[in-house]
Amino acid sequence: MLQGQNQSWVSQFILLGLSSDPATNRILFIVFLLLYLSSVLGNGLIITLICLDSHLHTPMYFFLCILSLLDMAYVTTTIPQMLVHLLAVSKTISFAGCWLQMYVFCALGMTECTFFVVMAYDRYVAICYPLRYTIILTWDLCMQLAAGNWAFGFFFSLIHTFLTMRLPYCGPNIINHYFCEGPSVRSLACMDTHLIEMVDLVISIFVIVAPVSLILVSYIHIGLAILKIKTTQGRCKAFSTCASHLTVVTFFYAPGTYIYMRPNSSYSPERDKQISFLYNVLTALLNPVVYSLRNKDIKVAFLKVMGRGKVAW
């Protein structure tokens, strides 16, 4: 604790993690290590395949490459530290470290929230205006959309993190979570947080409600366009592409909406840890599985790369 005039201030936090039992922690370490490696390797494989195969140098796969990069960074922000804490005696994190982790995690999450809108727009143009796809989605526009999303996420995350971490924390300093997530840290503040909650609610409208609304509008138009396709094969192919996106979107937005769009009074540490696992770890693991197993182009690119490797060997 750091001493103020008549008050002590927290200089570090203690993360309780998922369990206090050493035997359970060893099992969890193995499980989460495998999940983390699977997520990083799966997303890394997608990025590699898209970069190596010129046939995948299209807006759709450019956006998929960025999504995989976001997911790799997303899980790396939280899981490596959690793995260390599962085996270590000390589970502390400095105030600055907590600040940085919250900022990066939130920035990547917000970027991914709005990036799903870009991916929905890509599918909307591809299905509703297939002949004008490359004319509408030029590389300049793709780069601008990607850069704008990153700037948006890191800007609004700065507001959220600054307002949360400038609150007075005078003890206790024990966070019942496996990483520094905004609501979990804010529950320890020794002052009323209703104003901060209102600001977070406004940010959530921009980051969650607006993107979900835009995605729904896009898919209503996409659904109407699919119904107009005459061949059954064509309808199935268009629906399959969109189903992959909708599956990932559902797993990401649903738990995120619960965590960040409810009042602090309904904060439940144990439940929040389980729910945050869904959009932190599971979504990053789900993306490469959904987009690779259901995507013929990715499979073909993988076989081509493996074929080159055998020839080189």
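Sequence positions, counted from 1, serve as the residue numbers for this chain.
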* What residue pairs, at least two apart or across chains, pass side-chain hydrogen bond (donor to acceptor under 3.5 Å, both in side chains) with a residue in residues 98-121? -> T114-N149

* Heavy-atom side-chain proximity of V185 to I175 below 4.5 angstrom -> yes

* Structure fact -> From the list L195, T193, I196, side chain to side chain contact (heavy atoms under 4.5 Å, CB included) partner of L163 resolves to I196

* Asked: Cluster partners of I220, using ILVMFWY side-chain heavy atoms under 4.5 angstrom, listed by chain and number?
  -> L224

* To do: Go through F179 and S276 one step at a time and tell me if the side-chain contact (heavy atoms from CB on, under 4.5 Å) criterion holds.
  => CA-CA 10 Å; F179 72 99; S276 66; 4.1 Å; yes

* To do: First locate atom CG of L70, then atom CE of M72, and finally report the distance between them rounded to the nearest 0.5 Å.
  => 11.0 Å

* **With sequence neighbours excluded, residues passing side-chain hydrogen bond (donor to acceptor under 3.5 Å, both in side chains) with T48** => none

* Hey, are the side chains of V249 and I215 touching, using non-hydrogen atoms and a 4.5 Å cut-off? -> yes

* State whether the side chain of T164 and the backbone N or O of T161 hold a donor-acceptor pair below 3.5 Å, judged by distance alone. => no

* For the hydrophobic clusters of this structure (ILVMFWY residues joined by side-chain heavy atoms under 4.5 Å, transitively), does one cluster hold both V84 and V31? -> no

* To do: Check the pair I135 / Y129 against side-chain contact (heavy atoms from CB on, under 4.5 Å), numbers first and verdict last.
  => CA-CA 10 Å; I135 298 174; Y129 303 99; over 6 Å; no

* To do: Using the six-membered ring wherever Trp is involved, compare the ring planes of Y178 and F32 and label them parallel, tilted or perpendicular (cut-offs 30° and 60°).
  => tilted

* Asked: When rounded to the nearest 0.5 angstrom, what distance separates CE in M82 from CG in L15?
  -> 11.0 Å

* **I174: hydrophobic cluster co-members (side-chain, 4.5 Å)** => I14, L16

* Do you know the tightest heavy-atom contact between H85 and S90? -> CD2-O, 4.0 Å

* Heavy-atom distance under 4.5 Å between the side chains of Y74 and T283, does that happen here? -> no

* Ring centres of Y219 and H221 under 6.0 Å apart? -> no

* To do: Not counting sequence neighbours, which residues clear side-chain hydrogen bond (donor to acceptor under 3.5 Å, both in side chains) with T24? List them please.
  => D21

* Residues T76 and Y36: side-chain donor-acceptor under 3.5 angstrom -> yes

* Enter the distance from N280:CG to F252:CZ here, rounded to the nearest 0.5 Å. => 9.0 Å

* To do: Could you tell me if the ring centre of F206 sits under 6.0 Å from that of F152?
  => no

* Asked: Which distance, rounded to the nearest 0.5 Å, do you find between the CD1 of I66 and the SG of C142?
  -> 8.5 Å

* Are any of the side-chain heavy atoms of H160 and M110 separated by less than 4.5 Å? -> yes

* To do: Compare every heavy atom of A301 with every heavy atom of D53, then report the nearest pair and how far apart it is.
  => OD2-CB, 3.2 Å

* To do: Please report the closest heavy-atom contact between P22 and S20, naming both atoms and the distance.
  => CD-O, 3.5 Å

* Within a strict 4.5 Å, meaning less than it, do heavy atoms of the L28 and S19 side chains meet? -> yes

* Asked: Is the gap between the SG atoms of C190 and C170 under 2.5 Å?
  -> yes

* Are the side chains of C113 and Y253 in touch, meaning some heavy atoms are under 4.5 Å apart? -> yes

* To do: Answer with yes or no whether the hydrophobic clustering places L37 together with L87; edges join I, L, V, M, F, W, Y residues whose side-chain heavy atoms lie under 4.5 Å apart.
  => yes

* **Parallel, tilted or perpendicular: ring planes of F115 versus F63, cut at 30 and 60 degrees** => perpendicular

* To do: Calculate, to the nearest 0.5 Å, the distance between atoms NZ and CG belonging to K91 and N25 respectively.
  => 5.0 Å

* Following the transitive rule for hydrophobic clusters with a side-chain heavy-atom cut-off under 4.5 Å over Ile, Leu, Val, Met, Phe, Trp and Tyr, establish whether I79 and I27 coincide in one cluster. => yes

* Structure fact -> For V300, the other hydrophobic cluster members (4.5 Å side-chain criterion, sorted by chain and number) are none

* Give the minimum heavy-atom separation between W139 and P59, together with the two atoms involved. => CH2-N, 4.1 Å

* To do: Check whether I46 and L41 end up in the same hydrophobic cluster, where Ile, Leu, Val, Met, Phe, Trp and Tyr are linked by side-chain heavy atoms less than 4.5 Å apart.
  => no

* Please test Q12 against I93 for side-chain contact (heavy atoms from CB on, under 4.5 Å), starting from the C-alpha separation and ending with a verdict. => CA-CA 6 Å; Q12 63 180 15; I93 182 172; over 6 Å; no

* Any side-chain heavy atom of D71 sitting closer than 4.5 Å to one from L67? -> yes

* Asked: Between I205 and L216, is there a shared hydrophobic cluster once you connect ILVMFWY residues whose side-chain heavy atoms come closer than 4.5 Å?
  -> yes

* **Minimal non-hydrogen separation, L285 against S38, with atom names** => CD1-CB, 3.6 Å

* Is there a side-chain contact between L167 and R186 (heavy atoms, below 4.5 Å)? -> yes

* **I222 versus A120, closest heavy-atom pair with distance** => CD1-O, 4.1 Å

* Asked: Between L188 and N173, does a side-chain contact (heavy atoms from CB on, under 4.5 Å) hold up when you go through it step by step?
  -> CA-CA 7 Å; L188 300 179; N173 67 333; 5.5 Å; no

* To do: Check the pair D122, Y133 against side chain to side chain donor-acceptor pair (under 3.5 Å), reporting the backbone distance first and the verdict last.
  => CA-CA 9 Å; D122 169 74; Y133 180 67; 2.4 Å; yes

* Asked: In Å and rounded to the nearest 0.5 Å, what is the OG to CG distance from S39 to L35?
  -> 8.5 Å

* **H57 side chain vs C51 backbone, donor-acceptor pair below 3.5 Å** => yes

* To do: Apply disulfide (SG to SG under 2.5 Å) to the pair C98 and C180, showing each step before the final yes or no.
  => CA-CA 6 Å; C98 190; C180 288; 2.1 Å; yes

